[in-house]
Structures are given as C-alpha cells and as structure tokens.
S.K.: 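Take a look at the following structure, please.
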Amino acid sequence: MRFSTMLIPTLRETPSETEAVSHRLMLRAGFVRQLAAGLYIFLPLGWRVMTRINAILREEMNAIGAQEVSMPVLHPAEVWQQTGRWDTIGEEMFRLKDRTERDMCLGMTHEEIMTWLAAKELRSYRDLPQVWYQIQTKLRDEARPKSGILRTREFLMKDSYSFDASEEGLRKNYERHAEAYHRIFARCGLTFSMVESDPGMMGGAVSHEFMAPSPAGEDEVALCDSCGYAANVELAASLAEKNELREWPLEEVHTPEKRTVQEVSNFLKLHPSYFLKSILVMTDKGPVLALVRGDQELHEKKLMKIVGAHRPAQKTEVKDILGVEAGFIGPMGHKVRIIADDSLKEGVYVSGANKPHYHLRGIRAGRDFSAEWHDIHTAKAADLCVKCGSALRVERVIEIGNIFQLGIKYSNPLRAYFLDENGQEKPIIMGSYGIGPARIAAAAIEQNNDKDGIIWPKSIAPFDVEILPLNMNDPATVELASALYARMSATGLEVLLDDREERAGVKFKDADLIGIPAQVILGEKNVKEGIAEIKDRRTKETVKVKVDEVVERISASH
RNA sequence: CGGGGCGUAGCGCAGUUUGGCUAGCGCACCUGCCUUGGGAGCAGGGGGUCGGAGGUUCAAAUCCUCUCGCCCCGACCA
C-alpha cells in the first residue's frame with residue numbers, strides 16, 4: 001500500500017483525556033477513532049491488525065477441530081428467558097422491541113443461541129462431540145466504558161462452545177482450548193499467564209482466565225513463582241505473612257480518639273498485623289461480624305459466598321447492635337454471628353475493647369472469642385502461597401481470554417438433550433471459551449512500546465515492512481523504492497511505502513509511531529552508492545546492505 | 001448509579017474569577033517560494049452557532065437555571 005493514498009491520520013500531539021498507553025498510541029498512530037463512549041471505529045491500520053489477529057484465532061481454532069459459524073446479533077427474548085438470564089442480567093443488556101412489540105435483545109454473549117441450536121440439531125451421542133465458534137460483535141451497555149478499546153460497549157469476540165456427552169469429553173475440550181489459547185497468545189507476542197478465575201455470571205464450576213500483565217488492566221492476579229499457583233485475586237487463596245509471636249497478658253489499653261487500625265498502630269507503635277479488625281455487615285438474616293487481621297482487607301466476594309448479600313453497617317447500626325461506637329469494636333462477648341479469617345486462629349492480637357477509647361491487648365482465638373473460620377481476606381503481595389508457602393506476587397493484568405466448564409447450566413433449561421448408548425436421555429455437557437481480539441491488540445501495545453511509539457510483534461503488525469524514500473524529488477530514490485516495493489510484495493510480504501512528499505523527519509517519526517517491525521530507509525546518498533538501510537523498530541539498530549540484498553534480508557528476518 | 005473534572009477551529013490550549021471593541025495562540029490544513037537524514041523556513045490564506053436550550057443585562061464564551069456529551073475514581077462487569 002502507498003502511504004499517500006491510505007487513511008493514516010497520525011497526530012503529533014497527544015490527545016487529552018487518554019490514560020492508557022495503548023489508547024493514546026492507537027489514537028496518535030491513526031489506528032482507531034472514537035465515535036462515542038465505548039464505541040470505536042477501526043481505521044485501515046487498526047483493522048489490519050485485527051484481521052491478522054483473527055487469522056491466528058481461526059487457524060488455531062480450526063486446528064482443534066472447531067467449526068466457524070455466524071450467528072445473529074439480534075436475539076428474541078424467549079431464549080434468554082428460558083435460561084433466566086433475561087431477568088438476572090439487568091441493565092448491561094441492550095433491550096428493544098420489534099415492530100410487533102416483541103421483546104428482543106442484542107447479544108452480549110452466545111451461550112443461549114448456541115445451546116438453542118444444539119438442542120435443535122444434536123440428538124444422539126453419535127453427534128457428539130461438537131465445537132462451534134464465531135468471531136463476531138457483542139454488545140453490552142457497560143456502566144463505564146474505559147481505556148480505549150479495552151472496555152467498550154460494542155466489541156469483537158471469538159467465542160467457542162463445546163458440546164460433549166460426558167464430563168471426560170468436556171475436560172478434553174477444555175484442555176484443548178487451554179492449549180490452543182497458549183499457542184494463540186504466544187503467537188501474538190504476548191506475555192501472559194493462565195489463572196484460576198471466578199465463573200461469575202457464566203455459571204459452571206471450573207474456569208480459567210488468560211491474563212496479560214499491564215498497568216492498564218482492570219484485574220489483579222496472585223502468582224507464585226516457585227510452584228506456579230496463579231489465581232485472580234477475586235478468589236485467590238493465600239496465607240498471611242507470619243509475624244513474630246508476642247505474648248501479652250490480657251489487658252485494656254487507653255487509646256483516646258484512636259479508631260482505625262492505622263491510628264492505633266501508630267499510637268502503640270505496633271505493626272498492623274498484630275491487630276484484629278472487626279467489620280460489621282448487614283445481611284438479610286441480620287448483622288454479621290467479620291474479622292480479619294489488621295494488615296488484611298476483607299474480601300467482599302468471599303464473604304458473600306458464606307453469608308450472602310450484605311452491606312457495611314452504618315455507624316448508628318454499629319452502636320445499636322454492638323453497644324459501642326465503630327473504632328472500638330472487639331470480637332468478645334457479642335451475640336451476633338462471627339466469621340473470622342483463618343489467619344487469626346493462631347497468634348495473640350489487639351482489638352477494640354468494646355468500650356470507648358480503649359483497646360484490648362492479648363486476645364486469643366478460642367479462649368476470648370469463638371467464630372466460624374473461613375478464608376475471607378484479599379490476597380496481597382508478600383502473602384504466602386497456600387500450595388508451597390513461597391511469597392506471592394500480585395500483578396495488574398488485562399483479561400484477554402477465558403475458558404469455562406459450563407456443564408449443564410444452559411443445556412438443561414434449553415432442553416439440549418441427547419440419547420446415550422443405552423437410550424437414556426441426558427443433557428449435553430458444555431463449555432464456553434472467549435477471546436477478545438481488540439484486547440490482544442491493546443495488550444500487545446501495552447507490552448511493546450517506547451517513547452517513540454508502538455513496536456508491533458511481527459505476527460500481528462499491520463504491515464511487515466515500511467519503505468521510507470527520504471527524498472521524493474530524487475528520481476533514483478523513487479525508482480528504487482518502487483522496485484523494492486514490487487519485489488517484496490511479490491514474495492508475499494505486506495509492504496507500506498511512504499511515498500508522501502514529506503521531509504525525512506516526518507517520515508521517521510510516523511514510521512516509529514506506527515510501529516511496523518522493519519523499516520527500509522532510502523537516503524539519496526546511499527541510493528547513489530547502491531546501498532539501503534534496514535532498521536529494526538524494536539532495537540533501533542540499523543544495518544547498511546546492498547540494494548540487491550534487501551529483499552532477502554527482510555524475508556529472512558520476517 | 002455515586003464522587004470529581006472538562007466541553008472555545010481538525011488536534012492541543014488561553015480567555016471565564018472581576019460581563020465590554022472584530023474571540024485569540026501553537027500545531028494541522030490550502031497557495032507560492034525554498035528545503036529534503038529525525039515532526040524545517042518565509043509570505044499569503046481558509047476555517048468558530050464558544051456543547052445545547054432558556055434567562056439576567058444596554059451588552060454574555062464570561063453571570064443564573066436546565067440539559068447533553070466526554071474523561072477519571074468508585075460501584076458494577078461473560
């Protein structure tokens with residue numbers, strides 16, 4: 001392609017109102033434009049990247065026997081009503097009525113429709129297994145679109161669905177997808193890890209997420225470098241870092257106006273890990289007192305699995321129920337249900353004395369209070385791995401893919417049944433597997449950029465090589481540029497020729513910004529001597545080569 | 001949905017506190033000259049319902065009311 005005829009609107013100045021590096025660079029380099037909050041136009045360069053990513057997705061999906069299909073984006077409400085998600089999902093689903101007032105929605109995922117099709121077409125164990133996938137637009141009325149193309153209201157997704165006659169078959173398909181996903185993300189040049197995840201609204205028992213480390217990410221994962229344990233902090237288990245055992249007699253300490261762990265910790269010159277933090281929450285069945293160590297945070301989701309939906313108690317409620325103002329609550333002597341984090345079983349602690357402006361030192365579990373024991377703290381860096389005891393790392397990540405073992409969550413309500421060898425009717429056992437191509441692109445930029453712009457991994461770059469004829473008024477330069485363009489294109493390389501009447505500096509800046517992996521630079525003096533330069537975008541290293549060797553060198557490094 | 005911020009030329013911004021002449025600057029864009037190894041220079045030029053509606057006033061980008069949009073934090077999130 002010729003630069004002069006392509007729409008590549010690069011920006012010299014950084015657009016304001018952009019936070020994520022990938023967002024800024026995609027705008028500046030002319031890959032995308034924003035139509036409205038969470039709605040993006042992919043310009044020619046951006047779409048080329050998406051096309052290459054999708055090609056990799058198709059190759060790897062086809063390689064595990066998945067079959068591509070195309071599904072409607074507009075869905076009738078009934079199918080979603082049958083699985084119950086029409087009611088459970090809420091405002092995140094775009095809903096509308098057709099001209100006959102029939103309820104419809106825009107697809108935010110395709111479990112329902114895929115399962116509907118399976119129910120209609122799959123009858124016998126002989127029809128199984130099947131794996132179907134699509135690379136299509138999903139729509140979600142996100143409460144808060146953000147970070148450019150990382151979280152949008154309309155986005156492309158590769159989603160596949162497996163249909164099996166047995167749990168064993170499901171596990172096999174799940175494993176195949178996990179392997180395919182490893183190949184896909186590696187081919188796309190990403191650093192990533194597969195972590196245990198919370199199935200959330202998808203339902204099902206087992207699920208994993210594929211996470212690419214980046215400060216622009218929305219999730220955090222806990223990772224153990226020594227045994228490989230890896231989990232989303234939404235569910236990650238960890239052991240509290242051990243502190244030196246202290247022996248105190250049980251005694252009250254005057255702590256005037258010192259309410260938070262931090263305040264009392266400073267006042268008593270004692271590390272927060274020696275404190276016991278008491279948090280009162282309100283549930284449908286009444287108040288619950290949650291206890292975590294002073295240096296830990298209460299994990300809302302873990303607690304929710306034990307006590308159900310809850311909210312923090314208001315200050316007046318704390319006073320009414322526990323008889324003491326917030327800040328001086330302790331675990332002793334209350335009639336409310338108490339859930340304590342496992343890390344408090346051992347050790348001696350300081351907590352509120354249930355008496356204004358006093359704390360109690362020397363509290364022991366079992367002797368001074370009793371509780372139901374659970375893991376209700378949030379894993380944090382330096383906590384210990386539950387499997388091997390090594391220190392954990394916590395990393396911010398972009399979710400680029402996920403895999404779920406759905407089981408019969410969708411096949412049952414949609415009556416996707418098959419007859420087994422014995423003529424028994426059984427629900428089809430399903431899995432679902434998603435990848436966000438735009439997130440791959442964004443993560444690739446997040447992980448591969450420098451002060452000058454994007455550094456595309458070769459596999460997903462919009463072009464393989466860019467030719468920069470520096471002086472378009474020099475006939476020899478122009479002629480050589482055209483010749484190289486033709487020869488490289490003939491070998492199957494995707495070539496961008498910057499044939500604009502621009503000064504050298506502009507072409508260098510734009511080339512670095514756009515981030516095509518290899519640049520062929522044609523300066524007037526070098527051209528006269530039959531020399532061209534090949535520059536590696538990543539290393540910035542430049543080598544001079546004879547004009548006749550350019551194509552060979554580029555092909556070899558590609 | 002809660003909290004905060006911002007809407008002035010394609011982009012980046014000043015002007016708004018304290019109302020007052022024809023609404024400005026840089027970049028980009030157009031024409032000409034010149035230049036061609038890291039976003040050149042000179043000269044000339046085009047482009048604005050100051051997000052929108054209503055109000056106050058002799059006079060509104062500026063003050064008041066309402067409204068729309070975008071960004072950030074939080075809640076939410078297959």
Side-chain angles (χ1 to χ4, degrees), chain A residues 9-20 23-24 27-28 30 33-39 80 83 85 88-93 107-112 114 138-148 150-153 155 157-161 197-204 207-209 216 218-219 232 234 300-301 311-312 399-404 406 409-410 431-436 439 451-453 468-474 477-478 498 500-514 519 521-527 531-533 535 540 542 544:
Chain A
T10 58
L11 303 173
R12 182 189 298 216
E13 283 171 287
T14 301
S16 66
E17 304 194 323
T18 57
E19 200 65 27
H23 186 198
R24 208 182 67 225
L27 285 171
R28 273 199 65 206
R33 286 294 182 264
Q34 184 183 33
L35 173 65
L39 298 175
W80 286 81
T83 61
R85 290 210 292 183
T88 56
I89 282 180
E91 290 182 315
E92 206 185 341
M93 189 190 295
M108 48 194 296
T109 175
H110 278 75
E111 279 79 13
E112 274 77 0
M114 285 280 184
K138 305 284 185 257
L139 292 120
R140 292 181 194 177
D141 197 356
E142 288 285 351
R144 191 182 158 204
K146 59 182 285 198
S147 306
L150 275 180
R151 187 163 210 86
T152 54
R153 295 193 290 178
F155 58 97
M157 179 158 120
K158 187 294 296 176
D159 48 329
S160 40
Y161 302 84
S197 76
D198 185 346
M201 88 168 181
M202 297 298 305
S207 69
H208 288 85
E209 289 164 326
E218 298 180 273
D219 288 285
N232 194 315
E234 284 181 355
E300 302 285 339
K301 284 190 177 171
R311 60 167 175 83
E399 180 187 349
I400 47 178
N402 52 36
I403 53 180
F404 294 92
L406 296 175
K409 184 181 160 86
Y410 296 92
S432 88
Y433 318 87
I435 285 181
R439 286 185 169 188
K451 65 173 172 49
D452 294 314
L468 284 74
L470 298 185
N471 184 357
M472 290 298 290
N473 292 324
D474 174 43
T477 301
V478 173
D498 191 349
R500 294 175 300 168
E501 297 274 355
E502 288 284 359
R503 297 169 58 82
V506 173
K507 295 191 179 187
F508 285 134
K509 288 289 184 192
D510 275 344
D512 287 349
L513 181 60
I514 290 166
Q519 299 172 12
I521 298 164
L522 305 177
E524 196 174 344
K525 282 179 197 159
N526 285 332
V527 168
I531 298 286
E533 285 166 294
K535 180 175 144 189
K540 298 267 175 71
T542 303
K544 291 193 178 186

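Labels below follow one simple rule: chain letters A, B, ... track the order of the sequence lines, proteins then strands, and each chain is numbered from 1.
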S.K.: Quick one: is rA28(B) close enough that its OP1 or OP2 comes under 4.0 Å of any side-chain N or O from R12(A)?
M.R.: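 Answer yes for this pair, as a side-chain N or O of R12(A) is under 4.0 Å from OP1 or OP2.
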S.K.: OP1 or OP2 of rA40(B) versus the side-chain N and O atoms of R503(A): is any pair under 4.0 Å?
M.R.: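 For rA40(B), OP1/OP2 do have a side-chain N/O of R503(A) under 4.0 Å.
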S.K.: Using a distance-only criterion (donor-acceptor N/O pair, under 3.5 Å, no hydrogens), is the base of rG37(B) paired with the side chain of N526(A)?
M.R.: yes
S.K.: Taking the side chain as every heavy atom from C-beta outward, state whether K540(A) and D452(A) have any pair of such atoms under 4.5 Å apart.
M.R.: yes
S.K.: Using atom CG of N471(A) as one end and atom P of rC34(B) as the other, report the distance to the nearest whole Å.
M.R.: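 In whole Å, rC34(B) P lies 14 Å from N471(A) CG.
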S.K.: Once you round to the nearest 0.5 Å, how far does CD of E19(A) lie from CG of L150(A)?
M.R.: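 Reported to 0.5 Å precision, the distance equals 12.5 Å.
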S.K.: What's the gap between rA43(B) and rC73(B) when it is taken at their C1' atoms, as a whole Å value?
M.R.: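 Between the two C1' atoms, the distance is 50 Å.
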S.K.: Can you tell me the pairing partner of rC70(B) across any strand shown, Watson-Crick or G-U wobble, with both distances under 3.5 angstrom?
M.R.: rG5(B)
S.K.: Given the P atoms of rA61(B) and rG52(B), what is the spacing between them in whole Å?
M.R.: 11 Å
S.K.: Can you tell me how far P of rC70(B) sits from CZ of R33(A), to the nearest Å?
M.R.: 17 Å
S.K.: Should Y433(A) and K158(A) count as side-chain neighbours, where that means a heavy-atom distance under 4.5 Å?
M.R.: yes
S.K.: Report the residue (R153(A) or I435(A)) whose heavy-atom-nearest nucleotide on RNA chain B is the more 5′ of the two.
M.R.: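 Upstream on the strand: R153(A).
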S.K.: For nucleotides rC72(B) and rC30(B), find the distance between their C1' atoms and express it as a whole number of Å.
M.R.: 38 Å
S.K.: For E501(A) and rC33(B), give me the distance from atom CD to atom C1', rounded to whole Å.
M.R.: 15 Å
S.K.: Could you check E112(A) against T83(A) for side-chain hydrogen bond (donor to acceptor under 3.5 Å, both in side chains), going step by step and ending with a plain yes or no?
M.R.: CA-CA 7 Å; E112(A) 274 77 0; T83(A) 61; 2.6 Å; yes
S.K.: If I pick the C1' atom on rG26(B) and the same atom on rC21(B), what distance separates them, to the nearest angstrom?
M.R.: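 rC21(B) and rG26(B) have their C1' atoms separated by 25 Å.
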